[in-house]
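Here is how names work: the chains are called A, B, and so on, in the same order as the sequence lines, proteins then strands, and each is numbered from 1.
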Protein chains: 2
Amino acid sequence: MAKQVSERADVLPLLGEVFREHGYEGASLARITAATGLGKGSLYHFFPGGKEEMAAAVLAEIDGWFEREIYAPLRDGADPAAAIDHMFAACDAYFRSGRRVCLVGAFALADTRDRFAVALRDYFAAWVAALAAALQRLGRTEIDAHAAAEAVVGAVQGAIVLARALGDTAVFTRLLGEARAAVTALV
Amino acid sequence: MAKQVSERADVLPLLGEVFREHGYEGASLARITAATGLGKGSLYHFFPGGKEEMAAAVLAEIDGWFEREIYAPLRDGADPAAAIDHMFAACDAYFRSGRRVCLVGAFALADTRDRFAVALRDYFAAWVAALAAALQRLGRTEIDAHAAAEAVVGAVQGAIVLARALGDTAVFTRLLGEARAAVTALV
DNA sequence: TAAAATATGTACCTATCGGTACAGATCGAG
DNA sequence: CTCGATCTGTACCGATAGGTACATATTTTA
């Protein structure tokens, strides 16, 4: 019985991928075991709360990544305009031009919405608030900045849906490009 | 054993609601039975292909509704501008300001994407094409019209995700209003 | 190196999954 | 009224779901 060197944090990305590809209900313990290489023993040792705790941990890890990589620069970075550019580039890379689903968005459309309501709300609220802060720092009014930020975050989610349904990554890039142009034009 | 008066077409809306609320995998036969009042006998009589045929029938019914109610007026209606206005109003009503999920969009984010790939692609392709046709009839170039149509359809999907995640129908109305303003401004 | 804490695999549990079989009930056509 | 077609409820199927129990390994600590 070889001891696995993996930490709890190491399995979160693998876990996230399983939830992304199969959804919460479709992510069976068998699939999770196969994807992570961890047996039920290890899994329930790391996540005593079972599947629900696994999904919550994945959501928390995602939230942490976005906070570090995207929200913080928008909110506190020296150059708001550069932070916005970085956000669009990071989104294209993270969502692989629409090939990769946004787990939070997917959970929002499924009946996981209620179970993880707080995490979902916080994720999008933080994103909109951070982007709005950057836009305000560029001279926009609070109301205008908030509305524009909502539109951009919504555009990203819509672009993922469209790109996946049409099987076309170009539409993702196109929509993000338009959103970027629209939000940077008036600055 | 009382004979049910329901036709196959009558159960499709109920079926659709179950898939919308619980997703494909979450829509168990038990839930379907409870929601429709039909036992397994009747269910498999109407849909010999089981769950997959039920979902396909629901998608076809949805497609038919949008074709009749939204695409046709955009494409062939006498007044393209009025058809666009009607589209936004119909979307707000149909998706109940973001309270109700778009089944096609939800399927696109789940692993049902591959199983129903053709239906999902057709739904969005038809929507974009119809809206683009209306915009062209209002004088826009083909390329410009197509890009604008994609942006609007994407905005609707993004608005649903955001509204559900934030638990706020106002953001749906706001985003659709902005999309409507943007698309009708240059006409 | 002994003991305590941390991992891990396996066997097993009950509940439910989608689907099938089929006997009855109900119906319309003649 | 009869007969065949159309419905519908129930019992049942094997597979799999998430989860628990626990003995066995491995590390860490003292």
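- Taking atom CZ of residue Arg8(A) and atom P of nucleotide dT8(C), one finds them 14 Å apart after rounding to whole Å.
- Neither OP1 nor OP2 of dT8(C) sits under 4.0 Å from any side-chain N or O of His45(A).
- Between Lys51(B) atom NZ and dT20(C) atom P the separation is 14 Å, expressed in whole Å.
- Figure legend: Arg113(A) and Phe107(A) shown without cation-pi pairing, the cationic atom not lying both under 6.0 angstrom from the six-membered ring centre and within 45 degrees of its axis.
- Salt-bridge check for Arg68(B) with Glu61(B): failed, with every basic side-chain N at 4.0 Å or more from each acidic carboxylate O.
- Atoms NZ (Lys40(B)) and C1' (dT20(C)) sit 9 Å apart, rounded to a whole Å.
- Using a 4.0 Å cut-off between a side-chain N of Lys or Arg and a carboxylate O of Asp or Glu, Arg31(B) and Glu21(B) do not qualify as a salt bridge.
- Between the NE2 atom of His22(A) and the C1' atom of dA17(D) there is a distance of 15 Å, given to the nearest Å.
- dG19(D) atom P lies 16 Å from atom CZ of Arg31(A), rounded to whole Å.
- Between Gly41(A) and Tyr24(A), the residue whose closest nucleotide on DNA chain D is further toward the 5' end is Tyr24(A).
- The OH atom of Tyr44(B) sits 20 Å away from the C1' atom of dA23(C) (whole-angstrom rounding).
- In this structure, the CG atom of Leu43(B) is 11 Å from the C1' atom of dG19(C), given to the nearest Å.
- For the pair Leu29(A) CG and dA17(D) P, the computed distance is 8 Å after rounding to whole Å.
- Between Ser28(B) and dC17(C) there is a side-chain polar atom (N or O) within less than 4.0 angstrom of OP1 or OP2.
- Using a 4.0 Å cut-off between a side-chain N of Lys or Arg and a carboxylate O of Asp or Glu, Lys51(B) and Glu25(B) do not qualify as a salt bridge.
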